[in-house]
Amino acid sequence: MNRTRITSLATLTVALSLALTGPDALARKRESLIESVVNAYESNHSFEVPATGSIEVAFSPSEGSEALVIKVVDSARTELRVLAYSFTSAPVTAALLRAKERGVDVRLVADEKNNVSEDRSGKARAALSALVNAGVDVRTISVYPIQHDKVMVADRETVELGSFNFSDAAAKRNSENVLVNWRNPKLAAVYLGHFDRNYRQAKAFQLQY
């Protein structure tokens, strides 16, 4: 491991430690944590975090993947951050709307090309518009050829990831996987840094009914 990588990881470790000392400290230190993560991304570095919490997995087609994604959404008490490539799933949209209704702070960044400019069916635009209409902070991103992320972070401690797009095809027709790491706040912090980078590069989605 070279000196630059050691320095970057050390900076990230300090930021994580500061951010995880309590709710007030988390609120005060989150910006410095995000900056550390973004700087490490820009230096082409990976991240190493402790294995903790529990792992839950599911698969497609029709082998529990969509239900597990919805379980994560329904578990959220305060915050949900979502990165999506394809976003057309009515059940996932409904779950996010339920989260918003119970007071969860929901933000979603979706790939612009797949969900807006090349959305021939109109399902993605309708789903995103329904979220915006309910007060969800929805943005689309076009600075990359595609945003291929499929990630959710709930309550700054639980991370959902895998190949599963938020779509009917992913749930019922494709071979897909979903992995959830419950209660791993350090892993969540790294993914929140990734989310924040893309969120800053995205633009607000406008209602398109």
Side-chain angles (χ1 to χ4, degrees), residues 37 41 44-49 51-76 80-96 99 106-121 123-128 131 136 138-184 186-199 201-202 205:
V37 172
Y41 269 115
N44 196 29
H45 289 158
S46 61
F47 302 94
E48 183 175 342
V49 298
T52 189
S54 62
I55 301 292
E56 187 171 359
V57 298
F59 304 94
S60 293
S62 302
E63 294 180 13
S65 54
E66 184 176 67
L68 182 53
V69 170
I70 292 171
K71 180 179 178 180
V72 172
V73 177
D74 288 342
S75 77
L80 270 170
R81 299 293 183 255
V82 183
L83 292 171
Y85 172 59
S86 177
F87 191 85
T88 59
S89 170
V92 174
T93 301
L96 291 174
V106 182
R107 293 184 182 181
L108 183 149
V109 179
D111 181 70
E112 193 279 335
K113 183 187 294 184
N114 198 58
N115 295 285
V116 182
S117 61
E118 295 186 3
D119 175 30
R120 295 179 179 84
S121 72
K123 291 180 180 179
R125 292 192 301 275
L128 297 178
L131 293 174
V136 173
V138 176
R139 295 190 179 194
T140 58
I141 186 167
S142 60
V143 298
Y144 304 105
I146 60 173
Q147 176 190 260
H148 211 230
D149 297 284
K150 303 101 171 179
V151 175
M152 290 186 178
V153 182
D155 296 335
R156 302 186 184 185
E157 67 174 11
T158 291
V159 179
E160 179 272 315
L161 66 162
S163 68
F164 185 85
N165 279 306
F166 307 118
S167 69
D168 187 67
K172 298 177 181 177
R173 295 192 292 278
N174 300 342
S175 175
E176 307 278 3
N177 69 87
V178 173
L179 186 149
V180 177
N181 192 164
W182 299 96
R183 299 176 301 281
N184 189 338
K186 290 188 178 181
L187 179 65
V190 172
Y191 272 93
L192 286 171
H194 181 58
F195 173 88
D196 199 78
R197 183 200 67 177
N198 286 22
Y199 181 84
Q201 296 172 331
F205 175 77

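Numbers here are sequence positions counted from 1. Not measured: the values here are computed from a predicted model.
In terms of heavy-atom proximity, Ala99 sits nearest to Val106 at CB-CG2, 4.2 Å. Here the closest non-hydrogen pair linking Ala170 and Ser167 is N-OG, 3.2 Å. Taking both residues in full, the closest heavy atoms of Asn115 and Arg125 are given as O-CG, 3.4 Å, listed atom of the first, atom of the second, then distance. In terms of heavy-atom proximity, Tyr85 sits nearest to Asn114 at O-ND2, 3.4 Å. Taking both residues in full, the closest heavy atoms of Asp155 and Ala76 are given as OD2-CA, 3.4 Å, listed atom of the first, atom of the second, then distance. The heavy-atom pair separating Asp74 from Ala95 by the smallest distance is OD1-CB, 4.2 Å.
For the pair Thr88 and Ser86, the minimum side-chain heavy-atom distance is below 4.5 Å. Using a 4.5 Å cut-off on side-chain heavy atoms (C-beta onward), Lys71 and Val178 make no contact. Using a 4.5 Å cut-off on side-chain heavy atoms (C-beta onward), Glu66 and Phe164 make contact. Looking at heavy atoms from C-beta onward, Leu131 lies in side-chain contact with Phe87 at the 4.5 angstrom threshold. In this structure the side chain of Tyr191 never reaches within 4.5 angstrom of the side chain of Arg81, judged on heavy atoms. Counting heavy atoms from C-beta on, the side chains of Leu68 and Val180 come closer than 4.5 Å. Asn198 is listed as a side-chain neighbour of Leu83, based on a closest heavy-atom distance under 4.5 Å. A 4.5 Å side-chain heavy-atom check between Met152 and Phe166 finds at least one atom pair inside the cut-off.
The backbone N or O of Leu192 lies less than 3.5 Å from no partner atom in the side chain of Asp196, so there is not a single donor-acceptor pair. Side chain of Asp119 to main chain of Ala124: a donor-acceptor pair is present (N/O by atom type, distance under 3.5 Å, no hydrogens or angles). Panel note: side chain Gln147, backbone Ala84; a donor-acceptor pair is recorded below 3.5 Å. The backbone N or O of Leu187 lies less than 3.5 Å from a partner atom in the side chain of Asn184, making a donor-acceptor pair.
Here the CG-CG distance, from Asn165 to Asn174, works out to 8.0 Å after rounding to the nearest 0.5 Å. Separating the OG atom in Ser142 from the CD atom in Gln201 is a distance of 10.0 Å, to the nearest 0.5 Å. Of the inter-residue distances, the one linking Lys172 atom NZ with Glu63 atom CD reads 15.0 Å to the nearest 0.5 angstrom. Taking OG of Ser65 as the start and CG of Leu179 as the end, the distance is 12.5 Å to the nearest 0.5 Å. Between the CG atom of Leu96 and the CG atom of Leu108 there is a distance of 7.0 Å, given to the nearest 0.5 Å. The distance from the CG atom of Asp111 to the CG atom of Asp149 is 9.5 Å, given to the nearest 0.5 Å.
For the residue pair Asn177 and Ser163, a side-chain donor N or O sits within less than 3.5 Å of a side-chain acceptor on the partner. In this structure, a donor-acceptor pair under 3.5 Å is absent between the side chains of Arg183 and Thr52.
For the pair Arg107 and Tyr199, the cation sits on the ring face: its NZ or CZ lies under 6.0 Å from the ring centre, inside 45° of the axis.
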| query | When you look at Val109 and Phe195, which way does the side-chain contact (heavy atoms from CB on, under 4.5 Å) test go after all the steps? | reply | CA-CA 8 Å; Val109 179; Phe195 173 88; 3.8 Å; yes

